[in-house]
Number of protein chains: 2
Amino acid sequence: MAMNGPNHNHDAHLTMQVVNHIRKLIENGTLRPGDKIPPEREFAQKLKISRASLRAGIGHLAAMGVLNVRHGVGTFVAVGPPALGGVSLDILRALHGYTSAQMFEARRILESNLAALAAERGREEHFTALAEEVTEMYATFHEPQEYLIHDMRFHRTIAEASGNPILAVLMETITAALYDERRKTVERSQDLRQSAEIHRALYRAIRSRNAKEARAIMEQHLELAESAQRSEQALAKEEKRLSAKKKSRRARA
Amino acid sequence: MAMNGPNHNHDAHLTMQVVNHIRKLIENGTLRPGDKIPPEREFAQKLKISRASLRAGIGHLAAMGVLNVRHGVGTFVAVGPPALGGVSLDILRALHGYTSAQMFEARRILESNLAALAAERGREEHFTALAEEVTEMYATFHEPQEYLIHDMRFHRTIAEASGNPILAVLMETITAALYDERRKTVERSQDLRQSAEIHRALYRAIRSRNAKEARAIMEQHLELAESAQRSEQALAKEEKRLSAKKKSRRARA
DNA sequence: TACCTTGTAGTGGTTAGACCACTGCCGCGA
DNA sequence: TCGCGGCAGTGGTCTAACCACTACAAGGTA
């Protein structure tokens, strides 16, 4: 029994045809990062499919971070940060039972290696950028939200300096998932100055191309960060519990 | 920044509302892995949006691997498998210039750590599974495609034994990207028996809980694998060049 | 009984065309 | 010169109908 009927080729769903089509255009260089793809109506007509189907495919690629859709402007091939994840680990945690401890462990492994690689391969421009962030951290250790930005930039710069964008992306994926929690707890942090000092030490190890020390400091840093975040989270939880109790008392009144 | 204005809440597009809505249902446990979400027509009505918009949101989540859509059956919350990647590194390579060397390096770092963790935390069931795969590798080292399956299972089992599913998923993402190439070159491989022996050594190190040795063997194994694949790939390329020349000669005749 | 065909209901996939909402920019008018 | 109104282009949403796939049940056939 052959596949008779009015339908032929169908690689799979039309959606996937669109995805593969655009993917190929990107892979063979027809579309390059930053390029604009044709307007949906026009593109759909060219591919001989409905606009809805085209949009389904574009949606897929957008969800994966390959395309960047701007309402009222156009759709563009993504440029810059890849965004491999897309699935904030939050949902993976709910879905597969990932724990914070596992995320921290993954981060520790990735970042300690990134630090070592950065020490081996970092270039002057990276060192300069790292130094700047350290300076900023010292200048803002009384402003948690501000500080956090420089903290993240520091780590991201190390990832860049490692010369391995794949590892950098993986780290970014994990870090992003931890960011929300971190932003909440950093306000309570009492030791941002100490944190800045650790980062300075890390910077010096990297700059002096001491891979072993860079790795060691990074490991220690992240272990400390984890335990600190844990205790602060526990505190926050406790406070929340108390305020909830207060609230319910008010509600009864 | 208050959320007032003519338009209400609107997190963003309707699509994102749908994504967040379903995400929350999963995060708070209303929807659990394997569960079926309501039929599109019904669900759309319940959310007071059009079926098209609902589908856009579902498409997003499906692209991220959170939902699993089965034509003619229904849409289900993903269960088990990885689903972090989504973007096969192939496209990232085309998009951001990732090289094979970088992928191998990332893999080396991840797997060596996974091996060490597996040695520390692996359970009896993992050891048994590893032993089985090693046996199978010896039994099939003359059948490359078959061998490759057991090879991959072996590595995947180590990842599971590490007790950190996040690292396992990251590894899976990278490995998947390398798989296609590997499948092509493994046919030419002359030393699968030697490969099996390395795996057996690795198994023994893990089983005896010698994390340091496990890490070392894994690193060595992957370095060898990389250089082997490189040279085989070079050979294949050369042959292809020759056969193309031959072909063009035939064509002229 | 055992097997296979044929419906059929339920679900996702696709289509068409219309209209809404946002962005960028051009030109009119103060 | 400056500001703002409006227009054109583009993505976002809606509707409603129909197509395609899957599973399963009912009936026929050996």
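If you're wondering where the values come from, they're calculated on a predicted model, not measured in any experiment. Throughout, protein chains are lettered first and strands after them, A, B, ... in sequence-line order, and every chain is numbered starting at 1.
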Contact check, residues 68-76 of chain A vs DNA chain D, heavy-atom distance under 4.0 Å, returns A:V69, A:R70, A:H71, A:G72, A:V73, A:G74, A:T75

Closest non-hydrogen atoms of A:A168 and A:L114, given as atom of the first, atom of the second and distance, are N-CD2, 4.4 Å

Which atom pairs link the protein and nucleotides 14-16 of chain D when you take only N or O atoms and keep those under 3.5 Å?
from: D:dC14; atom 1: OP2; to: B:S50; atom 2: N; distance (Å): 3.1
from: D:dC14; atom 1: OP2; to: B:S50; atom 2: OG; distance (Å): 2.8
from: D:dC14; atom 1: OP2; to: B:S53; atom 2: OG; distance (Å): 2.4

A:E40 atom CD is separated from C:dC22 atom C1', nearest whole Å, by 13 Å

Whole-Å distance, B:Q17 CD to C:dA21 P, equals 14 Å

B:R55 CZ to D:dA20 P, in whole Å, measures 15 Å

Can you find a heavy atom in the side chain of A:F104 that is under 4.5 Å from one in the side chain of A:L222? no

When rounded to whole Å, the CZ to P distance for the pair A:R41 and D:dG12 reads 11 Å

Sequence neighbours excluded, the answer for side chain to side chain contact (heavy atoms under 4.5 Å, CB included) partners of B:A131 is B:Y203

Residues at least two apart in sequence or cross-chain that pass salt bridge (Lys or Arg N to Asp or Glu O under 4.0 Å) with B:E146, listed by chain then number, are none

When rounded to whole Å, the NZ to C1' distance for the pair A:K36 and C:dT23 reads 13 Å

Sequence neighbours excluded, the answer for side chain to side chain contact (heavy atoms under 4.5 Å, CB included) partners of A:Y147 is A:M137, A:T140, A:F141, A:D151, A:L192, A:S195, A:A196, A:H199

Rounded to whole Å, NE2 of A:H13 lies from C1' of D:dA20 at a distance of 9 Å

Across all chains, not counting sequence neighbours, the salt bridge (Lys or Arg N to Asp or Glu O under 4.0 Å) partners of B:E105 are A:R121

Discussion item. Assess whether a salt bridge exists between B:E27 and B:R23, defined as any Lys/Arg side-chain N lying under 4.0 Å from an Asp/Glu carboxylate O.
Written reply: yes

Under the rule of Watson-Crick or G-U wobble with both distances under 3.5 Å, where | means paired to another strand and [ ] a crossing pair, DNA chain C maps to ||||||||||||||||||||||||||||||

Polar-atom pairs under 3.5 Å, protein N or O versus N or O of nucleotides 3-5 of chain D: list them with distances, or write none.
none

Taken in chain and number order and not counting sequence neighbours, the residues that satisfy salt bridge (Lys or Arg N to Asp or Glu O under 4.0 Å) with B:E143 are none

On a heavy-atom basis, the closest approach of A:M152 and A:T175 is CE-CG2, 3.7 Å

B:L67 CG to C:dG12 P, in whole Å, measures 11 Å

Contacts under 3.5 angstrom, residues 39-47 of chain B side chains, donor-acceptor by atom type, not counting sequence neighbours:
from: B:E40; atom 1: OE1; to: B:R51; atom 2: NE; distance (Å): 2.9
from: B:E40; atom 1: OE1; to: B:R51; atom 2: NH2; distance (Å): 3.1
from: B:E40; atom 1: OE1; to: B:R55; atom 2: NH1; distance (Å): 3.3
from: B:E40; atom 1: OE2; to: B:R55; atom 2: NH1; distance (Å): 3.0

**Message:** Is a donor from one side chain sitting under 3.5 angstrom from an acceptor on the other, for A:H155 and A:E111?
**Reply:** yes

For A:A106, the side chain to side chain contact (heavy atoms under 4.5 Å, CB included) test, sequence neighbours excluded, returns A:I174, B:N164, B:I166, B:L167

Side-chain donor/acceptor pairs under 3.5 Å, residues 60-76 of chain B, sequence neighbours excluded:
none

